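Here is the naming used below: chain letters follow the sequence lines, and residue numbers restart at 1 for every chain. Note that these values count all heavy atoms, side chains included, but never hydrogens, waters or copies made by symmetry. Since the model is a prediction, treat every value here as computed from it, not as a measurement.
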Number of protein chains: 2
Amino acid sequence: MRYNQPLPIATNTPMLSFVEENYLKAIYHLSEAGKRPVNTNALAEEMKTAPASVSDMIKRLSEKRMVDYQKYRGVNISEKGKIKALHVIRQHRIWKVFLVEKLNFQWDQLDEVAEQLEHIKSPLLFQRLDEFLGFPKFDPHGDPIPDENGQLIEKRKDPIAQLPVGTAGIVVGVNGSSASFLKYLDKVGISIGTRLQIVDRMEFDGSVDITIDGKKTITISPTVAENILLSEA
Amino acid sequence: MRYNQPLPIATNTPMLSFVEENYLKAIYHLSEAGKRPVNTNALAEEMKTAPASVSDMIKRLSEKRMVDYQKYRGVNISEKGKIKALHVIRQHRIWKVFLVEKLNFQWDQLDEVAEQLEHIKSPLLFQRLDEFLGFPKFDPHGDPIPDENGQLIEKRKDPIAQLPVGTAGIVVGVNGSSASFLKYLDKVGISIGTRLQIVDRMEFDGSVDITIDGKKTITISPTVAENILLSEA
DNA sequence: TAAAATATTTAGATTAATCGAAATAATAAT
DNA sequence: ATTATTATTTCGATTAATCTAAATATTTTA
Ligand SMILES: [Mn+2]
Ligand SMILES: [Mn+2]
Ligand SMILES: [Mn+2]
Ligand SMILES: [Mn+2]
């Protein structure tokens with residue numbers, strides 16, 4: 001029985017520690033998927049560590065070819081690093097689906113647990129979990145779940161407020177997550193996956209009539225329309 | 001967003017690292033629930049580390065009052081340590097139930113993943129998971145799951161070979177877990193939870209006739225009878 | 001373009017977890 | 001009761017991850 005921490009698993013991508021995985025994920029996000037370099041201080045703030053610690057860690061990740069780095073120039077995620085980051089992000093989002101759909105977690109309780117679960121090393125576990133959840137494509141916040149190869153099906157998601165009358169779509173997320181807003185959504189019967197159609201828009205204030213799942217039609221305020229995200233289904 | 005490892009949670013029992021949790025669990029098991037002291041070398045073998053590392057770790061656990069320790073005298077788990085160990089064991093076994101019941105894991109794939117999952121820090125997660133699984137009392141190997149307070153409902157489990165003719169019971173586990181044995185059980189339709197009745201025993205070799213779920217009756221070899229564990233239902 | 005401000009890296013420590021080798025204690029054998 | 005064997009601990013190192021303070025580089029501003 002192997003009790004201790006670092007289980008060697010795959011070796012094409014070297015095994016990373018939890019901490020390294022967290023850094024990579026942060027670099028991926030702060031760089032907007034690798035589009036721009038990330039500053040030491042920005043990373044330090046995101047990771048809540050001292051800039052000196054970030055310098056050390058960046059060197060380590062650079063030796064492992066997870067990032068490209070020239071000092072004082074900021075850090076860029078590498079291809080290998082991106083794949084690894086997307087793996088962790090995939091696992092993070094799959095767990096979130098599980099926590100919400102199966103364990104009825106509130107949206108604000110998700111991250112603390114998903115931050116831990118995302119680091120479990122077991123390809124089999126994630127295959128099975130994915131299957132158990134019906135191969136979800138989006139997490140409960142409407143963020144897309146990368147596939148096993150790190151492919152992101154970036155489906156656009158737009159607030160109702162910005163879509164023309166007549167548009168139908170699936171709710172894939174919300175902006176913000178105040179308890180009262182979520183309670184409201186719950187009350188009117190809207191959740192992730194709900195199909196909505198925009199049937200009218202009041203010009204004078206921007207409030208919108210929507211049909212929920214083809215059944216009932218309600219009017220939502222411009223604020224609500226701004227905060228419900230639809231994907232063009 | 002808190003990315004990094006040691007999340008401070010409850011503080012009556014101090015937060016332990018994964019490694020410390022694994023040591024405590026090993027001490028608990030090797031001491032047979034605290035009945036006898038555990039030798040340094042035995043622990044080193046169980047943990048697959050050098051005895052020198054064990055000496056170090058024992059001192060650490062002793063400072064945290066998780067064990068009682070006098071050098072050269074072996075280590076005894078403390079009350080606090082026992083509670084902590086039972087928490088980890090609870091979480092380990094709950095995850096195993098999940099992996100088997102929900103994700104269709106094979107028995108031999110369980111430990112590697114459960115060894116990781118057992119260290120997730122989130123009381124809410126385990127409450128919900130427990131509920132989701134219907135508050136199971138035994139794990140897939142038939143081992144009892146301690147409750148939140150560390151109480152173990154020790155139900156006896158006996159091999160078929162040691163039970164009298166006429167006894168009925170639930171399969172709560174098996175001894176060993178060779179792939180071929182598990183395949184055999186699968187073939188004849190026996191798994192955890194299956195109800196068996198002992199209908200006859202051949203005196204000359206100890207093979208046994210059993211009725212499976214009140215449906216079909218088969219004959220099992222003395223070896224098989226030795227390795228299927230029943231609980232008096 | 002030189003000084004000031006800001007960003008980043010280096011230097012030097014610390015803590016957890018590990019190891020091998022050497023020292024020491026406990027136990028078993030003669 | 002010595003001696004030999006075995007078990008355990010101590011010693012001194014190593015690696016990952018962190019920190020503070022000091023040094024250095026870059027960028028901004030005057
Ligand atoms: Mn350094
Ligand atoms: Mn994380
Ligand atoms: Mn030491
Ligand atoms: Mn473990």
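- Look at B:K82 and B:E79 and you find a salt bridge, because one of the NZ, NE, NH1 or NH2 atoms lies within 4.0 Å of a carboxylate O, short of that distance.
- Contacts classified as salt bridge (charged side-chain N to carboxylate O under 4.0 Å, His left out) and involving residues 124-142 of chain A (residues at least two apart or in different chains) are given here: A:R90-A:D130, A:R93-A:D139.
- Applying the side chain to side chain contact (heavy atoms under 4.5 Å, CB included) criterion to A:L152, with sequence neighbours excluded, gives A:Y28, A:L86, A:P144, A:P146, A:E154.
- Remark: P of C:dA16 and CE of B:M47 are 17 Å apart, rounded to the nearest angstrom.
- Applying the side chain to side chain contact (heavy atoms under 4.5 Å, CB included) criterion to B:T40, with sequence neighbours excluded, gives B:P51, B:V54, B:S55, B:I58.
- Each end of the helix from C:dT1-D:dA30 to C:dT30-D:dA1 gets its own axis from five base pairs, and the two axes differ in direction by 10°, given to 10 degrees.
- If you take CE of A:M57 and C1' of D:dC19, they are 14 Å apart, rounded to a whole angstrom.
- Applying a 4.0 Å cut-off to non-hydrogen atoms, the residues of residues 58-76 of chain A that approach DNA chain D are A:R60, A:Y72, listed by residue number.
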Listed pairs, N/O of protein and of nucleotides 19-22 of chain C, under 3.5 Å:
unit_1: C:dC19; atom_1: OP2; unit_2: B:A50; atom_2: N; d: 2.9
unit_1: C:dC19; atom_1: OP2; unit_2: B:S53; atom_2: OG; d: 2.4

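- Atom CE in B:M15 sits roughly 13 Å away from atom P in C:dA16 (whole-Å rounding).
- The side-chain hydrogen bond (donor to acceptor under 3.5 Å, both in side chains) check on A:D186 picks up nothing, with sequence neighbours excluded.
- As rounded to whole Å, 15 Å separates atom C1' of C:dT18 from atom CG of B:N22.
- In this structure, A:L16 places its CG atom 16 Å from C1' of D:dT15, rounding to the nearest Å.
- In terms of the side chain to side chain contact (heavy atoms under 4.5 Å, CB included) criterion, B:Y72 has no residue partners (sequence neighbours excluded).
- A salt bridge does not link A:E20 with A:K84: none of the charged nitrogens is closer than 4.0 Å to a carboxylate oxygen.
- For A:D158, the side-chain hydrogen bond (donor to acceptor under 3.5 Å, both in side chains) partners at least two apart in sequence or on another chain are A:R156.
- Contacts of A:Q70 classified as side-chain hydrogen bond (donor to acceptor under 3.5 Å, both in side chains), with partners at least two apart in sequence or in another chain: none.
- Note on A:N39: every side-chain N or O is 4.0 Å or more away from OP1 and OP2 of C:dA7.
- Evaluation of the salt bridge (Lys or Arg N to Asp or Glu O under 4.0 Å) rule for B:R65 yields no partner, not counting sequence neighbours.
- A:N41 has a side-chain polar atom (N or O) that falls below the 4.0 Å cut-off from OP1 or OP2 of C:dT8.
- Near DNA chain C, defined here as any heavy-atom distance below 4.0 Å, there are no residues from residues 30-38 of chain A.
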- Task: Determine, stepwise, if the pair B:I228 / B:L185 fulfils side-chain contact (heavy atoms from CB on, under 4.5 Å).
- Result: CA-CA 9 Å; B:I228 298 178; B:L185 292 178; 3.7 Å; yes

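- Note: A:F98 and A:W95 have perpendicular aromatic rings, judged against thresholds of 30 and 60 degrees for the angle between ring planes.
- Stacking of B:K102 on the aromatic ring of B:F132 is recorded, both the 6.0 Å distance cut-off and the 45° axial limit being met.
- Here the side chains of A:K25 and A:H92 are in contact, with some heavy-atom distance below 4.5 Å.
- OP1 or OP2 of D:dT9 lies within a sub-4.0 Å distance of a side-chain N or O belonging to B:T40.
- For the pair B:Y23 OH and C:dA16 P, the interatomic distance rounds to 14 Å; values are reported in whole Å.
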